[in-house]
Each structure stands twice: as structure tokens, then as C-alpha cells.
Enquirer: 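My questions all concern the structure below.
Chain A is the first sequence line, chain B the second, and so forth, proteins listed ahead of strands; every chain is numbered from 1.
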Amino acid sequence: MSAPTAPKFIGAPIRRKEDPRLITGRATYTDDIMLPRMVHVALARSPEAHARIASIDTSAAAAMPGVVEVYSGADLKDVIAPLPCVHSIEDLKEPSHPAVAFEEVRYAGDAVAVVVAESAVQAQDAAREVVVEYEPLPVVVDVVAATAEGSDLVHADIGTNIAFTAVTDVGDVDSAFAGARVVIEERFVNQRQIPIAIEPRAVVADFDAGYDKLTVWSSTQVPHFVRLLLAAVCGHPETKIRVVAPEVGGGFGSKLNFYAEEAIVAYLAKALRRPVKWNGGRTEDILATTHGRDQVCDLSIAADDNGKLLAVRATLYQDLGAYHQLLTPVIPGLTVGMLPGCYTLEHLQVTLHGVFTNKTPTDAYRGAGRPEATFMIERAMDLIARATGKDPVEVRRLNFPAADAFPFTTATGMEYDSGNYQASLDKLLEMVDYDRLRAEQETRRAAGELFGVGLSTYVEICGIGPSAAMTAGGWEACELEVRRTGGIVVKTGISPHGQGQETTFAQIVADGLGVTPDDVEVLHGDTDTCEQGIGTFGSRGQAVGGAALSRCVETIQNKARRIAAHLLEASEDDIVFEAGKLFPRGVPAKAMDFQQIIDAAYVASQLPPEIEPGLSATHFFEPSNFTFPFGAHLAVVAVDKDTGVVTIERYVAVDDCGRVINPMIVEGQLHGGIAQGIAQALYEEAVYDDNGQLLTGSLMDYAVPKATAIPEFELARTETLTPVNPLGAKGVGEAGTIASSAAVINAVVDALSPFDVAHLNMPASPQKVWRAMQGGG
Amino acid sequence: MFPGEFEYHRATSTDEAVRLLADNDGAKLLAGGHSLLPMMKLRLAVPTVLVDIGSIEELAFVRQDNGDLVIGSMTTHADIAASETVAAGHGALAEAAASIGDVQVRNLGTIGGSLAHADPAADYAAAALALDAQIEVLGPDGERSIAAADFFAGLLTTSLAPAELITGVRFPGAGGATSVYEKFAQPASGFAIVGVAAEIKADGGSCAAARIAATGISDRPVRLSQVEAALVGAALDDDGIAAAAEHADAGLTDVRSDMYAAQDYRRHLLGVLVRRAVTRAGS
Amino acid sequence: MTRIKMTRIRMSVNGVEHTHEVEARTLLVHFLRETLGLTGAHVGCETSICGACTVLIGGRAVKSCTRLAVQADGAEITTIEGLASDDELHPLQQSFWDDHGLQCGFCTPGTILAAHDLLTRNADPDDAEIRHALEGNLCRCTGYQNIVKAVRSAAASMREAGGTT
């Protein structure tokens with residue numbers, strides 16, 4: 001390999017290549033697809049959280065204007081297989097999850113009938129006329145009560161609400177607790193959240209009978225999974241399915257799934273021989289797109305007098321909702337895995353129960369299992385500080401592994417790839433002038449103000465992930481084609497929907513091949529173009545997808561050097577490829593342009609037999625491990641004594657996501673991530689009543705933060721490369737969310753210390769904070 | 001989500017609107033549409049006939065009339081919030097208008113539409129009550145005027161007769177009093193969890209007259225007469241105001257409760273907002 | 001089957017006159033998207049909160065999901081597709097691009113148009129005023145910071161260019 005030249009584009013804040021179409025209204029989202037002869041689907045959904053379907057009458061709906069066909073669940077159960085769940089959990093109870101319910105409904109929003117009509121208006125009008133007689137069954141809402149002996153059951157056929165119990169037991173927890181001077185017990189609640197990608201999910205399908213080809217456009221993060229699972233669920237050959245994720249308006253994990261509507265719309269396109277569209281809008285999206293978080297954890301922490309963390313014991317209840325969606329039971333395993341956080345911990349015992357309730361299924365939501373862990377361990381650090389009378393900074397430092405301890409294996413068996421937790425914390429403290437901040441706190445407290453400072457030193461598991469630790473592959477695929485004109489096409493298996501890889505991948509290619517980002521076209525999200533892939537989630541786009549691209553760039557470089565060596569009659573090892581020129585080492589005067597090599601590769605007349613024509617590469621990249629980005633965040637809050645309103649006065653973050661390709665994009669990811677963590681800390685909660693009715697069923701009730709509710713962020717970075725991929729990039733999509741909830745709540749609890757409040761669960765709404773001040777926290 | 005089917009009429013005059021209302025059972029008026037259309041999309045309202053009065057230009061005005069401030073019913077929240085005439089003597093009204101929804105909602109939503117909808121958390125309701133507004137209406141039997149105190153009749157209910165429409169809202173001149181609106185907003189909808197309008201006439205350092213009303217607290221806006229009584233003659237200092245604000249929830253029954261504010265917290269907020277509103281209006 | 005009564009409407013959209021027959025219950029956003037093919041206005045909710053459907057009517061930002069097409073009869077409408085002139089980006093479009101004011105892009109057309117409304121009323125807004133003016137536009141990706149930055153820099157470049165465009 002030639003010596004790498006100084007990067008020109010990697011590390012530069014280049015404006016995004018994807019933006020011109022987005023800012024001019026020319027981008028095509030799924031709902032923008034309008035095909036000739038297209039019919040529209042509306043789903044009738046259960047208003048009951050749990051009921052037996054005594055009867056269903058679709059005749060009135062079928063008689064409505066424009067209606068093409070109406071299907072009940074019974075009509076579809078033999079043509080659309082139950083929805084799959086991908087996991088490797090032993091003895092997992094997997095009740096059948098029909099795309100359309102036919103005997104029993106198990107959450108408010110469960111689909112019961114499918115109406116197809118000439119227009120969306122007609123379909124929705126007719127769906128209201130589907131008459132269903134429900135016989136109500138007992139509703140299971142409380143996740144802890146659902147585990148009790150004799151509880152009412154969500155799935156009577158499996159005889160329990162506990163889908164699985166997983167015990168992790170490392171070290172000698174009992175002895176550690178017995179000898180501990182400090183023992184703290186607390187119930188931590190990570191409330192249920194609704195992801196609310198601003199684009200509600202939509203699906204369009206078309207069937208070409210001549211080719212027997214099914215094309216499905218879906219607002220998804222994982223088109224290749226959708227292709228695979230459509231083949232499985234609808235029984236159509238995978239080779240004759242094309243799935244397209246066109247422009248996708250945000251996902252945050254909620255579009256990392258395989259949904260009933262994808263199967264229904266695909267099936268209908270084939271059955272009716274007409275293009276079909278479903279767009280549920282916000283109301284259905286809130287009911288029938290997976291929710292996130294919803295964990296209750298009874299946690300005990302043992303520490304010594306100095307604040308050294310000794311042991312953790314936990315019973316964790318994950319609310320799964322009514323069914324397993326694609327990854328539902330997998331998510332809380334990430335919480336258990338990351339519970340030690342960025343601290344040395346030898347003794348840990350966790351009992352994890354995955355529990356069914358009569359609510360919308362939960363699944364991945366930005367951070368997926370890791371914000372829950374951070375919230376608990378970072379709150380635990382502050383609780384230890386409180387119990388030992390130490391500063392939270394001091395307690396954290398005491399428990400960090402040394403900077404030279406990496407790779408560092410945790411009690412839960414994670415091998416942290418690289419890190420320097422002291423460095424990011426030091427940088428943060430310097431940025432905020434921590435001592436002065438604490439002095440200001442004293443002054444303002446003395447003046448009667450409620451003023452709090454909260455830290456969160458986090459580590460996350462990203463770059464998901466090595467296939468050995470996944471159930472359905474953790475690699476990523478990429479193709480790189482250098483075309484005759486010198487234009488370069490990247491076909492990646494990731495499916496970005498805001499993360500900007502059309503730009504960052506172009507930057508990687510530009511540096512690697514001596515071209516400019518404008519010369520590079522990055523294609524994604526179409527399984528006929530980018531034939532293999534896993535998708536965009538788990539902060540893996542750059543760390544795994546980018547790494548696959550790096551391998552392709554390397555392959556092209558090598559082939560270009562081989563061709564140049566042949567043409568220049570030099571040895572391949574001697575050819576330098578630098579800034580778009582190839583020349584024998586030390587003889588730049590003999591340089592050939594990369595374009596000459598491209599010409600030679602395609603004209604091919606001068607190539608020796610051992611070099612194939614063409615200039616393209618394909619790689620599947622398999623990471624050797626996850627990556628473990630980390631950092632230190634700090635929130636400064638003021639609490640209004642009268643109303644309980646929390647105002648974030650300052651938010652400062654130091655993050656380390658390894659190599660940064662485009663700092664502008666990295667900052668954007670952090671901004672959005674931090675905002676979503678703040679949203680969990682202060683604003684959002686999906687609330688169900690005792691009958692399983694969602695009380696936050698619209699954006700009038702579910703408080704997605706507005707521009708006035710989010711502060712300005714001050715960001716800085718450290719850069720510790722990961723050895724697990726050739727880029728050194730760790731991933732950044734989830735970092736902000738994983739870190740920020742804990743920082744904010746630690747600050748709020750700190751602000752409330754005059755009221756002797758030890759802990760507050762989320763969201764720290766004005767009412768909840770006010771109650772805490774009344775002593776009812 | 002789409003509204004149900006309805007018959008659409010665009011009225012070009014108030015007389016035509018009244019006639020259309022009278023001639024069509026189940027007809028509803030469509031003003032800015034910002035209360036009605038969301039309800040129609042969710043099928044919480046399914047009117048069979050809509051009479052659109054949004055293009056009757058003579059209903060959109062802000063003017064002085066014999067010392068009164070009169071606002072046409074089709075005047076938008078944005079225009080009321082931006083009006084110097086309104087701000088000059090009726091700060092509570094201007095502030096209430098500015099606090100509604102967001103820019104887009106204020107650009108189309110109208111004062112007449114909002115009052116007629118009678119949402120229990122509507123901002124104008126508190127201002128109308130505190131500022132002693134008269135709701136001017138036109139019906140098949142001609143014009144009449146309804147005092148704000150008699151206008152709000154319960155949850156989403158007013159004392160408007162079936163074929164009546166609001167033409168304007170008349171506010172007596174401030175007469176040297178200052179009014180403000182304080183709001184504690186629900187974070188998602190932007191509606192008032194509690195909103196308090198206070199009109200205070202100060203005389204030296206004490207309170208000569210007070211009118212205070214709250215929204216969001218009950219099924220309709222409420223006058224806080226015990227606070228008013230406690231204020232009159234009292235010093236407009238922290239202690240005097242705090243003492244009066246103690247009476248904020250006195251005698252209130254049927255206080256609303258929801259996930260954002262249970263009754264006790266709502267009552268508490270009411271006291272806080274009364275104190276803040278009176279402090280600002282009295283300074 | 002009863003015949004649906006249609007109403008004739010006329011409006012100017014991005015400077016082009018359109019006359020169409022619509023069902024009274026047709027929402028303006030669906031008319032723009034489906035009848036005129038202007039899919040830059042997006043539908044993100046049913047309750048007038050998210051603002052993805054924002055367009056300008058007579059220069060003022062409105063949520064086109066809370067307006068019947070018949071109510072827009074006679075109106076002058078600008079959608080995101082009409083903001084750039086002769087392929088030259090509007091300063092707001094330019095600054096959203098330069099300042100990374102968008103990620104997934106779904107809220108972006110509505111947000112840009114709401115910001116446009118603000119800048120016609122206030123040529124030099126501070127950050128608090130910008131955030132207040134964008135309360136009707138939810139963004140889930142950016143945390144708003146770069147949106148605020150983009151509006152601030154667009155305001156500056158528009159002031160420099162001498163007024164609004």
C-alpha cells in the first residue's frame with residue numbers, strides 16, 4: 001500500500017450533497033409516490049385494548065362508494081404469515097402475531113380489517129363502517145403486576161405474561177453487598193416513549209405480473225430485511241422482490257422493523273394486480289408503530305465509603321407490549337450489557353423479565369436499551385456521591401478504568417475497544433470551569449434559587465455489530481464502481497435517512513481516489529441497486545457501512561496500482577497513488593492520471609491476461625467487535641420554585657466517536673440526539689389509562705419538544721480511534737440521546753437538593769417536580 | 001385523516017350567513033377553521049353543512065368606538081396581537097392573542113371562532129371576562145349583545161342561539177387600568193393549563209379596582225371575585241398581592257384535572273399566575 | 001351512489017393560476033399534493049401541530065392541513081417549490097444548506113416557509129424570537145440548533161441584500 005496522503009475531505013465540514021432536493025421540495029418520500037390505477041388501503045383498528053372478536057361484519061364497508069375489497073383478519077391469516085421476531089433468546093415464548101387480528105385483539109390499535117378503495121378518503125370512510133362485536137377481556141397494563149402469580153393474561157395460550165427471564169450473575173454479589181458500607185436501593189423507571197419520526201410510516205407496492213415482480217416502497221431503515229421478510233411472510237421469491245426506501249423522514253429505530261402494513265400492502269398489490277398505498281398518518285403511526293423504552297428496574301447499589309462502586313443487583317422489567325415485533329425482546333439485553341457503564345465493576349446480578357402487556361409493542365428507539373442503562377448507572381453515581389458526601393466528579397474518576405486499560409472487559413462480558421474517560425471529563429470540566437460553576441451554585445442557592453448541575457459520563461455500544469453477536473448478520477456490504485467518465489458510484493447496504501452518508505461516503509472516496517465529492521454518487525435504499533445490506537441503525541452507518549466502503553476504496557487503489565505498474569513497467573509495490581496521480585516512487589514526472597488508468601481498465605486492450613477489465617469492487621465488511629463511543633455531558637438547570645418548571649441554562653458535551661469524517665454532520669447528530677434525550681428527561685411520556693387506552697394519542701397530548709423547549713448546545717470532542725474498523729470511526733447517531741437524559745435528571749435532582757430529593761424518575765414535568773418539592777416525590 | 005362530507009356555502013355578508021344558518025339544520029359556521037377543522041378530521045365534529053364566513057371582510061377590523069375597543073369577529077389572533085390599538089389599552093387581550101398556538105395558527109384563527117368554540121382552555125375567554133367584554137351577535141331576530149359573563153355556558157357551549165353569529169367583541173375603555181395575561185401552557189397543544197387575565201387600576205401604591213378571570217381551570221372561564229375583593233384597597237406590594245392571591249381558588253368546584261395537572265397542582269398554579277398577573281398589571 | 005357536489009376554486013400557486021373542481025372536504029394540502037403535484041408540503045399530523053404542511057398564503061405561513069381547499073379560493077399561495085427563483089436558491093434555502101439546518105428533510109419545507117413569514121415581519125430576529133416563531137414546526141432530527149443558526153444567517157444575508165426577497 002502507498003503511504004496515505006493527508007486527507008483533504010475527510011474531517012472537513014462539507015455541505016451535504018443530499019440537501020438541494022430536500023430544501024426545494026423535490027425529494028420523493030413514500031407518500032409522494034402516486035402511480036396510475038393506484039388504490040388505497042385503510043385499516044380498521046381495535047378501540048379495545050383486549051377483547052375477543054365475537055363477530056365482524058364487513059358488508060356495510062364493502063357497500064361504500066369506491067370500495068374495491070374488504071378483508072377481515074380471517075380472510076388474510078392463511079395468505080400472510082405471522083410477523084417474525086429475530087432473536088437468540090433461550091426459551092422465548094413467541095405467541096403468534098398475525099398481521100391482522102382474527103380471534104382476539106391485544107392492544108388498542110391492533111388491526112382488525114383491511115379496506116381497499118379507489119381513494120384514500122373512500123377507504124377511510126369505509127373503514128369506519130366495519131362493524132366488530134368485541135367481548136372485552138381483562139386488560140393488563142402494569143408491567144410489574146403482570147408478572148404476579150394469577151395475573152390476567154395477554155396471551156392466554158402461553159399461560160404467563162413473562163415471555164422470558166434472563167439472569168446474569170457475575171462475581172459474588174451477596175458478599176459484596178454484605179460487606180458494603182453504602183447500600184442504595186431505588187426504583188428506576190424509563191418511561192414509555194413514542195418515537196414520532198416526523199414522516200409517519202407509509203407503504204406503496206406495485207406488482208408486475210409479466211416479470212412476477214413485486215416492488216415495495218416503504219418508509220424503512222432496513223429495506224433488505226423487509227425484502228427478506230416479505231419473501232418469508234408473503235411467500236414470494238426473494239429474487240422477485242424489490243424494496244425501495246425512498247426519502248425517509250426520520251426513523252430513530254421505529255422504522256427498524258418489519259410491519260404488518262408492509263406485508264398487507266405487498267400482498268394486496270399482487271392479489272389485486274393494482275398499485276396499492278397505505279399511509280396511516282400520525283394517528284395510526286402513534287398506535288401502530290413501535291414505542292420505545294418502558295422499563296422498570298429495582299436496583300440496589302453497593303459502594304464503599306470512598307464512593308467505589310462494589311456491586312449492582314437489579315430486577316428489570318421490560319414492557320414488551322402485546323407482541324414481539326422484529327427486535328422487541330432483544331432491546332433490554334443491551335441495557336443489561338451496558339449497566340456497568342464506564343466503570344469498573346466486579347459483582348453484578350441482574351434478573352431481566354420481558355413482559356407482555358396490552359399496549360403497543362415496544363422495540364428500538366434511539367439508543368435502544370442503552371439510555372436506560374446510562375440513566376441508572378449515572379444516577380447511581382450521583383446517589384453514591386450523595387451518600388458519601390463526595391463530589392459527583394470525584395466518584396466518577398474513582399470508578400473509571402485507567403486510560404491504558406483498554407481493551408477493557410466488563411462484568412457483563414463487553415470488550416470496550418478503546419477509550420479515555422478521564423480525558424473527555426477533563427475537557428468538559430475545563431470548558432465549564434467546574435469549580436466556578438459550583439461556586440456560582442452556592443451563591444445562587446444562598447439567594448434562594450434552585451440551581452443544579454448534572455453530569456453524565458457515558459459509554460455506549462455502537463457500530464452494531466459483529467455477526468457473532470447478532471441473529472441476522474452484523475456485516476455491511478458495499479460496491480464501488482469507477483465508471484468510464486471518471487464518475488464514481490457507491491452502492492451501500494446502509495439506508496441513511498438524514499445521517500448524510502451521501503456526503504460522508506463521497507468524502508471517503510474522494511480522499512481515497514483523488515477525486516472530489518462531487519464526482520461521487522452514493523446510492524442506497526434500493527435492493528435492486530444495492531443488492532446486499534443490513535441497514536441503518538445502532539450507530540453503524542459509518543463504523544460498519546463506511547468500513548465496507550473503505551475496503552472497496554482499498555481494492556480499487558490496489559487494482560489501479562496494478563494497472564499503472566503494468567503500463568509504467570514498474571513493480572506494483574513501487575507505485576504511489578496520491579491525489580489522483582499514480583507514479584513510481586520517487587519519479588512523479590512519470591505520473592499517470594487516475595483517468596488514464598480508468599481508460600486502460602475499460603478499453604482493456606493493453607491489460608495483461610491476469611488483470612480483469614473494469615474497475616469496481618464489492619466487499620462485505622465484518623467488524624471484529626462493537627465500538628464503544630463515550631463522552632462526558634453536563635447540564636445546568638434552574639427550577640422555578642413556584643411552578644416546578646425546569647429550564648436548562650447550559651448544556652455542554654464532550655463526545656468521542658472516534659474518527660470524524662464530517663464534523664458538521666457529527667455535530668448535527670449530537671444536537672438531535674441530545675434533544676431527544678432531553679425530551680425523555682423533561683417532556684415526553686406515553687400514558688395509558690387502566691383500560692389500556694393511550695391518553696397521549698396525538699401531538700396535542702404527546703409533548704414532542706418545540707424549538708423553545710430545547711437549549712443551545714456547546715460541543716467539543718476528543719478523538720480516540722477504534723481498532724475494530726479501518727476508518728477508526730465509532731458511530732455517533734445515538735450518543736446524544738444515550739448521554740443526555742441522565743445529565744439533565746442529575747441536574748434537576750441536584751437543584752432539588754434543598755428539598756432532600758434523592759431521585760426523580762422521568763419525565764421531570766413541572767407537576768412532578770412541584771410534587772417532589774412538596775415532599776411527595 | 002379527512003373530514004366527513006358536508007355541504008359548503010360561502011357567505012358574502014352577515015345577513016346571508018344568518019339566513020344560511022337558519023335554513024340549514026345542523027349547519028355550522030366556519031371561521032378560521034382552527035378549532036373546527038381538527039375536530040372534523042378526527043370526526044369529533046361531523047357537521048352536514050358549513051357556512052364559511054372567513055371571506056366577509058367587514059368582519060375583520062380593530063377600531064375605537066366611543067371610547068370602546070371593538071374587534072371584528074373575523075380578526076385573526078395575529079392581527080390582534082400586532083395591533084397597537086389593542087396593546088395600548090387592553091394588554092390582556094393582546095397578550096392572550098399572542099399566546100395562542102403558533103404563528104401559523106395565529107395567522108388564520110379568529111377571535112370570533114375561538115369564542116364561539118368555547119374551549120375550556122381558550123386564552124381569549126379569560127381576557128374577555130376580565131375586560132368585561134360584550135359579545136355582539138347577529139341572528140334572525142336582529143342584533144344583540146351578550147356580556148362575556150353570560151356568554152360561556154359550559155364545556156364547548158355558549159349562549160349563542162342556533163342561527164346566531166358573532167360579529168364583534170366590544171371592550172370598554174381601560175379607564176386608566178392596566179391589564180395583562182399570564183399563561184401556563186400545556187407543552188404539546190399550547191393550550192392553557194391555567195391562564196389568568198388581570199385588569200388592575202392602581203392608585204398610588206394601592207389597588208383601586210381589579211377584575212381577574214381565569215381559563216383552563218373549569219369547564220368555562222371563571223371570575224375570581226374573592227381575589228378582586230381582597231385586592232381593592234390593598235397595597236400592590238408583594239405581601240398585599242400574595243395575600244389576595246391566597247383566595248385564587250376559593251370557592252372553585254369542578255376544577256379540571258388531566259395528566260399534565262391534577263386538581264391540586266392546577267389550583268396551586270392558579271394562585272401563582274394570579275400573583276404574577278396582578279404584580280405585573282399593578283406595577 | 002350519490003354524486004359528490006364539487007366546488008370550483010381558483011387560486012394562484014407559485015405565480016401560476018389554477019382552476020379546479022374540488023370536493024368541499026378536500027384539504028388544501030391534499031389539493032396541492034395530489035391535484036397540483038406539489039409534494040413539497042408534507043403531512044406529519046392531523047392536529048395542526050407539526051407544521052410540515054406549512055405554505056404561504058398571501059405571504060403568511062399557514063398549515064395547509066387545517067385549511068379547506070375551498071377556503072383558499074382566490075388566494076395567492078407559495079409552496080417550497082416556488083421559493084427559489086430561476087434556479088437561484090432563496091437565502092433561507094441557501095442558509096439551511098450551508099448551516100446543516102436539516103437532516104431527514106421532512107419538516108424542512110414547512111420550517112423554511114415559517115421562517116420566511118418571520119423574516120418578512122422581523123428582519124433581524126434574535127434567537128429567542130426565531131425559536132418562538134418556529135413553535136409551529138416540529139423537527140425531530142436537528143435539535144433546532146442549526147435551524148436557528150440558518151434563520152439567523154439568512155436574515156443577515158437578506159438584510160445585506162437590502163430587504164426581503
Enquirer: Heavy-atom distances under 4.5 Å only: say whether A:P711 touches chain C with side chain, backbone, both or neither.
Expert: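 For A:P711, the contact with chain C is made by the backbone alone.
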Enquirer: With chain A as the partner, which of C:T111, C:I112, C:L102, C:T108 has the greatest number of non-hydrogen pairs under 4.5 Å?
Expert: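 Answer, by heavy-atom pair count under 4.5 Å with chain A: C:L102.
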Enquirer: So for C:E23, is it side chain, backbone, both, or neither that comes closer than 4.5 Å to the heavy atoms of chain A?
Expert: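 Neither part.
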Enquirer: Name the region of A:E712, side chain, backbone, both or neither, that has any atom closer than 4.5 Å to a heavy atom of chain C.
Expert: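 Both parts, heavy atoms under 4.5 Å.
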Enquirer: Any carboxylate oxygen within less than 4.0 angstrom of a Lys/Arg side-chain nitrogen, looking at A:D32 and C:R33?
Expert: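 Between C:R33 and A:D32 there is a salt bridge, with a charged N closer than 4.0 Å to a carboxylate O.
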Enquirer: Is the backbone N or O of C:R131 less than 3.5 Å from a side-chain atom of A:T708, with the two atoms forming a donor-acceptor pair by type?
Expert: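 Between the backbone of C:R131 and the side chain of A:T708 there is no qualifying donor-acceptor contact (under 3.5 Å).
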Enquirer: What part of C:N137 gets closer than 4.5 Å to chain A, counting heavy atoms only: side chain, backbone, both or neither?
Expert: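 Neither the backbone nor the side chain of C:N137 comes within 4.5 Å of chain A.
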Enquirer: Look at the side chain of C:H42 and the backbone N and O of C:T39, then say whether any donor-acceptor pair between them is shorter than 3.5 Å.
Expert: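 Pair found, side chain donor or acceptor close to backbone of C:T39.
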Enquirer: For A:D285, which atoms come within 4.5 Å of any heavy atom of chain C: side chain, backbone, both, or neither?
Expert: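 No part of it gets close to chain C.
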Enquirer: Checking A:Y29 against chain C: side chain, backbone, both or neither under 4.5 Å from a heavy atom?
Expert: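 Interface part for A:Y29: side chain.
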Enquirer: Checking C:I80 against chain A: side chain, backbone, both or neither under 4.5 Å from a heavy atom?
Expert: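 When you check distances to chain A, atoms from both the backbone and side chain of C:I80 fall under 4.5 Å.
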Enquirer: When you look at A:Q669 and A:H671, which way does the side-chain hydrogen bond (donor to acceptor under 3.5 Å, both in side chains) test go after all the steps?
Expert: CA-CA 6 Å; A:Q669 289 294 310; A:H671 292 160; over 6 Å; no
Enquirer: In terms of heavy-atom pairs under 4.5 Å, which option from C:G143, C:A84, C:G40 contacts chain A the most?
Expert: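 Counting heavy-atom pairs under 4.5 Å, the top option is C:G143.
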Enquirer: Given that the side chain runs from C-beta out, which part of A:I665 has a heavy atom under 4.5 Å from chain C: side chain, backbone, both or neither?
Expert: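 Both parts, heavy atoms under 4.5 Å.
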Enquirer: Hey, does the side chain of C:Q103 reach the backbone of A:G668 with a donor-acceptor pair shorter than 3.5 angstrom?
Expert: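 Such a contact is found between C:Q103 side chain and A:G668 backbone.
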Enquirer: Let me know if A:R21 has heavy atoms under 4.5 Å from chain C in its side chain, its backbone, both or neither.
Expert: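 Contact with chain C: none, neither part.
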Enquirer: Determine whether the aromatic ring centres of residues A:H633 and A:Y651 are separated by less than 6.0 angstrom.
Expert: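 So the answer is yes for these two rings.
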Enquirer: Among the options C:R140, C:H132, C:K149, pick out the one with the most heavy-atom pairs lying under 4.5 Å from chain A.
Expert: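 Greatest number of close heavy-atom pairs with chain A: C:R140.
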Enquirer: Between the main-chain N or O of A:V203 and the side-chain N or O of A:S218, is there a donor-acceptor pair closer than 3.5 Å?
Expert: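 Side chain of A:S218 to backbone of A:V203: no pair is present.
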Enquirer: Examine whether an atom of A:P705 lies under 4.5 Å from a heavy atom of chain C, and if so say whether it belongs to the side chain, the backbone or both; otherwise answer neither.
Expert: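 Contact with chain C involves both backbone and side-chain atoms of A:P705.
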Enquirer: Heavy-atom distance under 4.5 Å to chain C: side chain of A:I198, backbone, both or neither?
Expert: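 Backbone plus side chain of A:I198, per the 4.5 Å heavy-atom cut-off to chain C.
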Enquirer: Please classify the contact of C:L89 with chain A as side chain, backbone, both or neither, using a heavy-atom distance under 4.5 Å.
Expert: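 Contact with chain A: side chain only.
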Enquirer: Find the one option among A:G672, A:G736, A:G673, A:A675 whose heavy-atom pairs under 4.5 Å with chain C are most numerous.
Expert: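 It is A:G672.
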Enquirer: Indicate whether any N or O donor in one side chain lies under 3.5 Å from an N or O acceptor in the other, for A:Q542 and A:T504.
Expert: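 Judged by distance alone, the side chains do pair up.
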Enquirer: Any idea which of A:G500, A:P13, A:A197, A:P20 has the most non-hydrogen atom pairs under 4.5 angstrom with chain C?
Expert: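 Looking at each option in turn, the highest pair count goes to A:P20.
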Enquirer: Tell me, for A:V704 versus chain C, whether the close heavy atoms (under 4.5 Å) come from the side chain, the backbone, both or neither.
Expert: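 For A:V704, backbone and side chain are both near chain C.
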Enquirer: Quick one: what part of C:L83 sits under 4.5 Å from any heavy atom of chain A, side chain, backbone, both or neither?
Expert: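 Looking at C:L83, nothing touches chain A.
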Enquirer: Is there a donor-acceptor pair closer than 3.5 Å between any side-chain N or O of A:T220 and the backbone N or O of A:K255?
Expert: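 Yes, because the side chain of A:T220 sits within donor-acceptor range (under 3.5 Å) of the backbone of A:K255.
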Enquirer: About how many Å separate OH of A:Y702 and CD of A:Q193, when rounded to the nearest 0.5 Å?
Expert: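 A:Q193 CD to A:Y702 OH: 4.5 Å, rounded to 0.5 Å.
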Enquirer: What part of C:T142 gets closer than 4.5 Å to chain A, counting heavy atoms only: side chain, backbone, both or neither?
Expert: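 Only the backbone of C:T142 comes within 4.5 Å of chain A.
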Enquirer: Give a yes or no answer on whether the side chain of C:D98 reaches the backbone of A:R15 with a donor-acceptor pair at less than 3.5 Å.
Expert: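 No, C:D98 side chain to A:R15 backbone: no donor-acceptor pair under 3.5 Å.
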Enquirer: With respect to chain A, which residue among C:D127, C:L134, C:I130, C:N146 yields the maximal number of heavy-atom pairs within a distance under 4.5 Å?
Expert: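 Option with the greatest count: C:N146.
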Enquirer: Side chains of C:S95 and C:D99: donor-acceptor distance under 3.5 Å anywhere?
Expert: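 Short answer, no.
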Enquirer: Regarding A:E502 and A:R16, does a basic nitrogen lie under 4.0 Å from an acidic carboxylate oxygen?
Expert: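 Looking at A:E502 and A:R16, the cut-off is not met.
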Enquirer: Quick one: what part of C:F106 sits under 4.5 Å from any heavy atom of chain A, side chain, backbone, both or neither?
Expert: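 When you check distances to chain A, atoms from both the backbone and side chain of C:F106 fall under 4.5 Å.
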Enquirer: At a 4.5 Å cut-off on heavy atoms, which part of A:M34 comes close to chain C: side chain, backbone, both, or neither?
Expert: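 Contact with chain C: side chain only.
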Enquirer: Please answer whether the main-chain N or O of A:A288 pairs with a side-chain N or O of A:R201 as donor and acceptor at a distance below 3.5 Å.
Expert: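 Looks like yes, one N/O pair under 3.5 Å.
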